[in-house]
Amino acid sequence: MVSRLLAFFLIPTALFAQVKDAAARADSVLALMTLEELVGQTNQYNGFWNATGPMPEGNDWLEARVKALKNGLVGSVLNVSGVNEVRALQKVVVEETRLGIPLIFGLDVIHGYRSLSPIPLAEASSWDLEAIEASAHAAALEATSDGINWTFAPMVDISRDPRWGRVMEGAGEDPYLGSRIAEARVRGFQGKDLADPSTLAACLKHFSGYGFPLAGRDYATTDFSAHTLYNWILPPFEAGVRAGAATVMTAFSAANGIPSTLDSAQLWGELRGRMGFDGVVVSDWGSIAETIAHGHAKDLREAARLSLAAGCDVDMESDAYLRYGLELARSNRSDSLRFRESARRILELKFKLGLMDDPYLYCKQKSLPDVRPQAYEMAVKSTVLLKNKGILPLNPSLRVGLTGPFAADKNGVLGNWRVSAKDQSAQSLAEATEASWLFAPSAPHSIGPEAFATELTLNSTDFSGNDRALKALRSQQVLVLAIGEHGYESGEGRSRASLRISLVQQDLVRKAFKTGKPVVLVVYAGRPLILEPWMQDGAAAILWAWQPGSMGGSAVADVLKGLREPYGRLPMTFVRSEGQIPLHYDGFSSGRPGPKTEVFWSHYTDESNTPAFPFGFGLSYTSFDYKNLRVQPSNTGWTATLTLSNTGTRAGSEVVQLYSSRLGNGQLYPTKALKGFQRVTLEPGEVRDVQLILTREALRQRDGLGKSHPFERGTLGITLGPNSSEGLTWTTDLP
Ligand code: NOJ
């Protein structure tokens, strides 16, 4: 179908072809547009069915939206998927609007599309950038074959607060790991060419600081220092921009007295200015309108004007630009120029995506590879072994009994973001092990509906299923308990004040311990939860499976049986109690470090300062020995080498992590900061030298005013170890 843009103005395609550059091509289209059509490009509506946020009230909105669509006043949509649906909507704009400019179709393709990978935080546990990139690419393959060409991912928000439900969507607490994962995900979604119909435009979100809500409550005001902003929050955005991310989303939250969607110092100064981002900035769902509830803008007109001035190009679901844009553009020349600039960026993206040349590019039948093997692989690689008293891998001769509310669960284990996956479509652990283990259902963890937009109701009354399960498993020799939280207990709008395992599950674990059999806890979760000391002490092994997605059943079973190794390392600190939050490995020393015998040091009277499990932690089925760290300086940095041996009886892989410490350069530095890592696989008894490089550039730090400083004098420490709490350290005094 020829676009009306071409047909109506009889512009020869050759003309477009001559002007190869997307920006210039966008300008040539801009020249044809009315002011109203320019504004229309900045308007993004949710589709007419699935919603991932609050929809307008009343009945007249639908008619108004259809009218806007036909008048060319919608530039992109979200939550419309399926080749037929996408084609039908695209046909309306192509054939019925004056210029026929195609729509972009956006969706939250966060951890897979139909076949779900583990949640992003789980993927981050793999520390395997190639696998993460491949997983994003697999998601892109499935989504683009269903008409989608823009994903609202990756979320690159650093967070230190496991109460915040959206930690499931990020890469954890560390800016170095977070940056590498941001790059990998952008590469995976976007590939080498956005116009390739098997790639998606990526979106770095949420700019910025959304991962620091006060008290972990989603959408709450955020609070962080300028130092935290420059050195923790912004680096993953910068890495994603460098990797070529086509779009960036603003945050719902407010910081420093201003909602992020209106924060021109950040959006212009940091994002477009310092980082050089020249793509499209989209608001979050309704975040322009929500600046009124924040108490910042007095009405929608002002909200529209301020967010436009701040550099927000696309209005997702606030209806602010559409309602007030034309009036603003007519009455104020700078607003009209801003709309022109935003429309140009959006058109440019449409050119880059290939939509201006073929609006139906993403609606063609493609033969699609089965990406489930990849989802399986990623689920294996996301598992983190936290404790093992020698019971794992399970000896095949043991009679294993399986129970717990997530053992046969096919829904909660899919995770939170799954707009296009079928409910109840995960392969469960019980299904994967039915030929070899005995399964008995325990009391349910939740009751009632399980849905994206509804609060989950926990079972707090009927625990009787637990006794029945344990009775049914009485002749088994080992118990595997699948416990944790449901995919709809983490994610957007799902903060938790208590991170404990629910009472019904505590009851099950207590009773299982009483049987005297070894108990293996497999924890399904969207965040670091707290396992109380009695639970940790009583368990023979603890495997963190996160929410492993569609293929989690066989992935977790294969790890428990030893067919695969537990591969992951924690991307977030696990706290002992909620009162320690926000505990993170890369904190600062206080002026009163300890421990001391008197009270005058920085500590709690009722809790330790140390985590339950540190950042970077994860056991293996074998053991490794770290020896002989030596460091060679060069002009550009330092090369650290150590001798690693596999001292166990199985082959296995270790993630060797490099941390730096810096003292005495006239700034505060974190006591430790991850600067590199490498996975090394060794046969039993094998010994190998492992080399990691620390560059001088990596030691730079921005001060509270944003100025970047080299590390030129003081004491530098380089630690190579298996996690952020252990390792061999070398120190030197500079210069
Ligand atoms: C709100 C979320 O914060 C954002 O991440 C998401 O992309 C949009 N809703 C669209 O669903």
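Counting starts at 1 for both ligands and their atoms, in listed order.
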**Report entry** Point-to-point distance, once rounded to the nearest 0.5 Å, from CZ of Arg180 to CZ of Arg185
**Finding:** 13.5 Å
Report task. Check whether any heavy atom of His206 sits under 4.0 Å from an atom of ligand 1. Result -> yes
Query raised in the report: With atoms numbered from 1 as shown, which atoms in ligand 1 lie under 4.0 angstrom from a non-hydrogen atom of Arg166?
Result: 2 (C), 3 (O), 4 (C), 5 (O)
Query raised in the report: Would you say Glu489's side chain and His486's backbone share a donor-acceptor pair under 3.5 angstrom?
Result: yes
Report task. Heavy-atom distances under 4.0 Å are what count here, so tell me which part of Glu317 touches ligand 1: side chain, backbone, both or neither. Result -> neither
Query raised in the report: Of Asp218, Val167, Asp161, which meets side chain to side chain contact (heavy atoms under 4.5 Å, CB included) against Ser495?
Result: Asp218
Query raised in the report: Counting heavy atoms only, which part of Asn79 comes closer than 4.0 Å to ligand 1: side chain, backbone, both or neither?
Result: neither
Requested in this report: Give me the one residue out of Asp313, Asp278, Thr42 that meets side-chain hydrogen bond (donor to acceptor under 3.5 Å, both in side chains) with Arg345.
Outcome: Asp313
Query raised in the report: What protein heavy atom is closest to atom 6 (C) of ligand 1, reported as residue, atom name and distance in Å?
Result: Asp108 OD1, 3.2 Å
Requested in this report: Below 4.0 angstrom from a heavy atom of Leu78, which ligand 1 atoms are there? Numbered from 1 as shown, please.
Outcome: 10 (C), 11 (O)
Query raised in the report: Is it the case that Arg494 places NZ or CZ above or below the six-membered ring of Trp164, under 6.0 angstrom from the centre and within 45 degrees of the axis?
Result: no
Report summary line: Distance col, row Glu130:CD vs Asp128:CG, nearest 0.5 angstrom, shows 6.5 Å
Query raised in the report: In terms of atom number and element, which parts of ligand 1 are under 4.0 angstrom from non-hydrogen atoms of Asp284?
Result: 1 (C), 2 (C), 3 (O), 4 (C), 6 (C), 8 (C), 9 (N)
Report task. Using a strict cut-off of 4.0 Å, indicate which atoms of ligand 1 neighbour a heavy atom of Lys205. Result -> 4 (C), 5 (O), 6 (C), 7 (O)
Report summary line: Phe152 heavy atoms within 4.0 Å reach ligand 1 at atoms 7 (O)
Query - Side chain Ser318, main chain Ala289, donor-acceptor under 3.5 Å - result: yes
